[in-house]
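Along the sequence shown, residues carry numbers from 1. Since this is a predicted model, take the numbers as computed values, not measurements.
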Amino acid sequence: MAIDYRITAKELVKELGGNSNISNVAHCATRLRFILKDESIVDSGKVAKIPGVITTVQAGGQYQVVIGNHVQDAFNFVMELVTVDESQTGDAENKVGVFSKMIDIISSIFAPFLYTLAACGILQGILGIFVALNAIDTAGGTYQILNFVSWTAFTFLPVLIAVTASKKFGVNTYVALVIACALVSPDYINMVNAGDPVYFLGMKVQLLSYTSSVIPIILSIWIASYVQKFFDKYLPIVIRNLFSPMFTIAIMVPLTLLAFGPIGNTVGGAIAGAYNFLYGLSPIVAGIIVGGLWQVLVIFGVHWGITPVTVGNYAALGYDTFTGLQASAVFGQAGAALGVFLKTKDKDMKGVSLSAAITGLFGITEPAIYGVNLRLKKPMVCGCISGAVAGAVAGAFNAVSWGYNMPGIATIPAYFKAGHMGQFLGFLLSIVIAFVLGVILTWIVGFEENVEENAAETENVKDKTAENEDNVKPEMVFACPVKGEVIPVSEVKDEVFASKGMGDGVGIIPSEGKVYAPFDAVVEAVFPTGHAVGLSADGVEVLIHIGINTVELDGKGFKVHVQQGTQVKKGDLLVTFDKKFIEEQGYDTTVIFILTDMGDRQKMEIVSGKELDTLETVIKVK
């Protein structure tokens, strides 16, 4: 009966070998990324069956658990259960290759703030549209303020990287921040702009700009981790807290300006230059390769390797060509998932594929890949072919992104810039082709599904039920736990509940803030935040969830009247909640009442579309 991913996190930690087997945890937009001391003890089949888990991937030295849009919730709950020992992380990482270590470092550093970069990129695109429509005065304060806001995350990118890199390498975060801030400080920038020779202890400093840079600060914080550990080890404890940070900063900032900064800039420029050189040879061929293979890299979790290139392109060129090609791969897989929805005869697959297609259009393709396309095989190939064809079109039009983003319909403004309408229209054409071709190819090629097999299994169940009528368990009747208007759970404004993935039931728009026990049961779970209660009896398990996303209130507005493990009678008060307060905080107060496990019972009758008082019958199962 997992909800809000607290139980998901608990089961994950258990199946991954517990806290003692987990060296490190990070997350990206859709997946949790674990570094385990021993992956061999993990049963991936069991992990994949945990509610809330889409699938698992072992790549890049990481054990990756794909969650989807709720990955942040899952991550927060996991971090409540584990204690990451940074000193042991290195031992676990030594078991994987250099490439795997690099992928892990890149993903751990960039994943936490990618949405922030993308938000700034979209803002740049929206401003560009307003400028093109003459809807904003570029000389006015409104435009100037929003414009510099949209570039702030990129200007101070080394500072953002310093925060995440400090956690990855085990450096005092504030020490790392001072090092990064020194590289972008006004005084240093003035030295760069002045162009006069600067010497440190007789050594000439190469005056380079580090705003928007990536590799120099990563190198700097990595080396700083060894410098800090040295002083932490050898300085007396009486002066360590003061002098270890002082020596680390005083050594690392000059070292970065003299050596690691220039080296990092050279390496970063070489990597970006290599890609851009290949792109320059044939944008169309580049589009075919990127559009066709990008989602394959996502499957193996090694797609993070391109992040420094794309970020570096925005800093050096002001735009990025890779993202313009990458979008075709995303829309191709979304189209293939929609093709499955239109083609399949399996009711469950229809629901999963439609949801995955919609999510894919917004740039999150894991549900489409793992839940639909890869599972059925041929749709995955169709999506890749569609992405390759559309990528060629994007390359032919030299489609680019003018602001960092994760491709999807919500980020389209990031591809627009006044004076570059041809590129923008070419980009739009490419994603339309990718999506439509994905739908058509999947429809034509088709796929194998087990509809008849499932039907046969259903008939077998019916036959067995008929043969054992004497053993059928008695009907269970559940009362409405809260007074209000009852609606089908499919109409609840939460994708997890509405999809019935956790179980069938009802939503209740409450008219008062009192929740009562709907049947005689044992209290199996009481969430610390008070927003949900789990009950069970005679093999049937139910979940009563008060409001949508109300876990974010951290218990404010809720009062629990029962304890886990206690027996309750039908009509006993479980929880009271301040309906007015919760709504004032901007949350939907719909109470979700679902059966997460029906035990041996197979039929459910639901009363909905009417007002019910507490303890009036709302669900029957038999």
Pair Ser430-Phe397, side-chain contact (heavy atoms from CB on, under 4.5 Å): steps then yes or no: CA-CA 9 Å; Ser430 69; Phe397 282 88; over 6 Å; no
Full working for salt bridge (Lys or Arg N to Asp or Glu O under 4.0 Å) between Glu80 and Arg6: CA-CA 9 Å; Glu80 292 178 3; Arg6 186 180 297 275; 3.2 Å; yes
Worked check of side-chain contact (heavy atoms from CB on, under 4.5 Å) between Lys168 and Asn24: CA-CA 9 Å; Lys168 181 61 182 174; Asn24 203 359; 3.7 Å; yes
Intermediate values then yes/no, side-chain hydrogen bond (donor to acceptor under 3.5 Å, both in side chains), Ser166 and Thr173: CA-CA 5 Å; Ser166 68; Thr173 299; 3.0 Å; yes
Residue pair Thr344, Asp346: steps toward the side-chain hydrogen bond (donor to acceptor under 3.5 Å, both in side chains) verdict: CA-CA 5 Å; Thr344 185; Asp346 186 294; 5.4 Å; no
Criterion side-chain contact (heavy atoms from CB on, under 4.5 Å) on Phe77 and Thr8, from CA distance to verdict: CA-CA 9 Å; Phe77 290 132; Thr8 300; over 6 Å; no
Candidate pair Leu441 and Val381, rule side-chain contact (heavy atoms from CB on, under 4.5 Å), full reasoning: CA-CA 9 Å; Leu441 281 180; Val381 177; over 6 Å; no
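Annotation: side chain of Tyr279 is in contact with side chain of Leu325 (closest heavy-atom distance under 4.5 Å). Between Val296 and Cys384, some side-chain heavy-atom pair lies under the 4.5 Å cut-off. The closest side-chain heavy-atom distance from Phe34 to Val78 is below 4.5 Å. Residues Thr56 and Gln64 fail the side-chain proximity criterion, which asks for heavy atoms closer than 4.5 Å. Side chains of Phe322 and Val290 form a contact here, defined as non-hydrogen atoms less than 4.5 Å apart. Side-chain contact between Met406 and Thr411 is absent, with no heavy atoms from C-beta onward closer than 4.5 Å. Residues Leu208 and Pro262 form a side-chain contact, since some pair of their non-hydrogen atoms from C-beta on lies under 4.5 Å apart. Residues Phe331 and Ile409 form a side-chain contact, since some pair of their non-hydrogen atoms from C-beta on lies under 4.5 Å apart.
Looking only at distances, a side-chain donor or acceptor of Asn21 sits under 3.5 Å from a matching main-chain atom of Leu16. A donor-acceptor pair is defined here as one N or O able to donate and one able to accept, closer than 3.5 Å; such a pair exists between the side chain of Gln423 and the backbone of Asn398. At least one donor-acceptor pair under 3.5 Å links the side chain of Thr152 to the backbone N or O of Phe148. Under a 3.5 Å cut-off, the side chain of Thr442 and the backbone N or O of Gly339 do not form any donor-acceptor pair. Lys343 places a side-chain N or O within donor-acceptor distance of the main-chain N or O of Trp443, the cut-off being under 3.5 Å. Formation of a donor-acceptor pair under 3.5 Å by the Thr323 side chain with backbone atoms of Asp320 is not found in this model. Put simply, the side chain of Ser150 never gets that close to the backbone of Gln124: no donor and acceptor are under 3.5 Å apart. Panel note: side chain Ser282, backbone Val285; a donor-acceptor pair is recorded below 3.5 Å. No side-chain donor-acceptor contact under 3.5 Å links Asn76 to the backbone of Ala74. With hydrogens and angles disregarded, no donor-acceptor distance shorter than 3.5 Å links the side chain of Thr155 to the backbone of Thr211.
Between the CG atom of Asn405 and the SG atom of Cys120 there is a distance of 12.0 Å, given to the nearest 0.5 Å. A distance of 11.0 Å separates CD1 of Ile440 from CG of Leu338, quoted to the nearest 0.5 Å. Note that CZ of Arg375 is 9.5 Å distant from OG of Ser353, once rounded to the nearest 0.5 Å. For the atom pair Gln333 CD and Phe435 CZ, the distance stands at 12.0 Å (nearest 0.5 Å). Going from atom CG of Leu293 over to atom CD of Gln326 covers 13.0 Å, rounded to the nearest 0.5 Å. Going from atom CD1 of Ile41 over to atom CG of Leu36 covers 7.5 Å, rounded to the nearest 0.5 Å.
Pro283 and Gly280 make their closest contact through CD-O, 4.3 Å (heavy atoms, listed as atom of the first residue, atom of the second, distance). In terms of heavy atoms, Ala410 sits closest to Phe362 at CB-CD2, 4.2 Å. Ala368 approaches Ala337 most closely through the heavy-atom pair CB-CB, 4.1 Å. Ile161 and Ile218 make their closest contact through CG2-CG1, 3.7 Å (heavy atoms, listed as atom of the first residue, atom of the second, distance). Between Ala392 and Ile288, the closest heavy-atom pair is CB-CG1, 3.6 Å. The minimum heavy-atom distance between Tyr210 and Pro158, with the atom names listed, is O-CG, 3.1 Å.
By the neighbour-count criterion of 12 heavy atoms within 6.0 Å, atom CZ of Phe113 is densely surrounded, having more than that number from other residues, nucleotides or ligands. Counting non-hydrogen atoms of neighbouring residues, nucleotides and ligands closer than 6.0 angstrom, the NZ atom of Lys350 exceeds 12 such neighbours. Remark: Tyr319 OH is loosely packed, at most 12 non-hydrogen atoms of other residues, nucleotides or ligands lying under 6.0 Å away. Within 6.0 Å of CH2 in Trp151 there are more than 12 heavy atoms belonging to other residues, nucleotides or ligands.
With 3.5 Å as the limit, one finds a donor-acceptor pair spanning the side chains of Gln295 and Thr365. Side chain to side chain, Ser220 and Thr256 meet the donor-acceptor criterion of an N or O pair below 3.5 Å.
None of Val372, Leu354, Val439 except one satisfies the side chain to side chain contact (heavy atoms under 4.5 Å, CB included) rule with Val340; the exception is Val372.
The aromatic rings of Trp222 and Phe169 are tilted relative to each other, their planes meeting at an angle between 30° and 60°.
Between Lys377 and Glu448 no salt bridge is recorded (no basic side-chain N to carboxylate O distance below 4.0 Å).
Aromatic pair Phe424/Tyr415: centroids not less than 6.0 angstrom apart.
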